[in-house]
Amino acid sequence: MTATLTDGEPTTLPADLRDLLAVHGLGELPVRFAAPSATRVDTGGWLRGGQVWAAVVGARFVLVAGGARPSLIQLPVTALSRGVYNHVTGELGFPPVPSGSAIPPVRLDPLVARTILAFATISTPGSVSHA
């Protein structure tokens with residue numbers, strides 16, 4: 001699936017990021033949703049970090065950025081039920097998990113964040129939190 005951002009342009013996951021998903025065993029799963037964020041992380045570039053993409057791949061929520069040292073964080077899509085979108089900062093954040101690594105907040109357009117959080121309610125009953 002492609003995301004339609006606020007300017008109406010459809011967005012698909014770039015080929016280098018699809019290749020990275022394949023390396024991590026997610027290549028055969030359908031990309032149900034993908035959208036770029038305004039967040040950048042250090043991926044080994046000289047001048048600036050790699051752009052983080054938020055995607056729902058199969059039954060996984062994925063944060064992925066390409067570069068010399070690519071970054072990939074994957075969680076069950078049910079983890080989105082813990083997600084909190086802060087309308088003031090424009091970030092989708094996750095509370096700390098005692099037994100896992102921290103998930104960095106991701107700056108997203110409000111409509112994109114709403115669409116991503118909707119996958120939590122599709123997969124599991126419950127409510128999605130908005131700050």
Side-chain angles (χ1 to χ4, degrees):
M1 177 180 183
T2 60
T4 303
L5 300 181
T6 54
D7 61 4
E9 290 296 316
T11 305
T12 59
L13 200 59
D16 63 328
L17 299 182
R18 287 193 311 266
D19 293 342
L20 182 59
L21 292 177
V23 168
H24 289 275
L26 301 172
E28 298 297 320
L29 299 175
V31 177
R32 297 166 58 194
F33 184 86
S37 75
T39 302
R40 295 197 169 271
V41 295
D42 182 10
T43 56
W46 279 88
L47 299 176
R48 62 188 221 189
Q51 182 178 32
V52 174
W53 281 67
V56 176
V57 180
R60 309 292 292 171
F61 172 61
V62 179
L63 297 173
V64 61
R69 291 188 320 250
S71 171
L72 185 135
I73 298 172
Q74 60 174 311
L75 305 163
V77 77
T78 55
L80 288 170
S81 64
R82 295 189 327 260
V84 177
Y85 185 75
N86 185 325
H87 295 277
V88 175
T89 64
E91 293 180 332
L92 175 61
F94 296 89
V97 179
S99 62
S101 61
I103 303 165
V106 182
R107 292 192 60 125
L108 293 168
D109 176 271
L111 296 176
V112 171
R114 179 179 177 191
T115 302
I116 290 173
L117 289 174
F119 279 96
T121 58
I122 292 169
S123 301
T124 59
S127 62
V128 176
S129 177
H130 298 276

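As the structure is a computational prediction, the values presented were derived from the model and not from experiment.
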Taking all atoms of both residues into account, what is the closest heavy-atom pair of F94 and A79, and its distance? CE2-O, 3.6 Å
Closest non-hydrogen atom pair between G49 and R40, with its separation: O-NH1, 2.8 Å
Closest non-hydrogen atom pair, R107 against S37: O-CB, 3.1 Å
Between Y85 and L92, what is the shortest heavy-atom contact and its length? CD1-N, 3.9 Å
About how many Å separate CG of L21 and CG of D16, when rounded to the nearest 0.5 Å? 10.0 Å
Minimum heavy-atom separation for S81 and A120, please, with both atom names. N-CB, 3.4 Å
Acceptor/donor pairs from residues 55-73 side chains to any protein atom, 3.5 angstrom cut, sequence neighbours excluded:
residue, atom, partner, partner atom, Å
R60, NE, Q74, OE1, 3.2
R69, NH2, D42, OD1, 3.4
R69, NH2, D42, OD2, 3.1

Can you see which heavy atom on T43 is nearest to which on G50, and at what distance? OG1-N, 3.3 Å
Straight-line distance of T39 OG1 to L108 CG, nearest 0.5 Å: 6.5 Å
Report the distance from atom NE2 of H87 to atom CZ of R114, rounding to the nearest 0.5 Å. 9.5 Å
What is the distance from atom OG1 of T12 to atom CG of L17, rounded to the nearest 0.5 Å? 10.0 Å
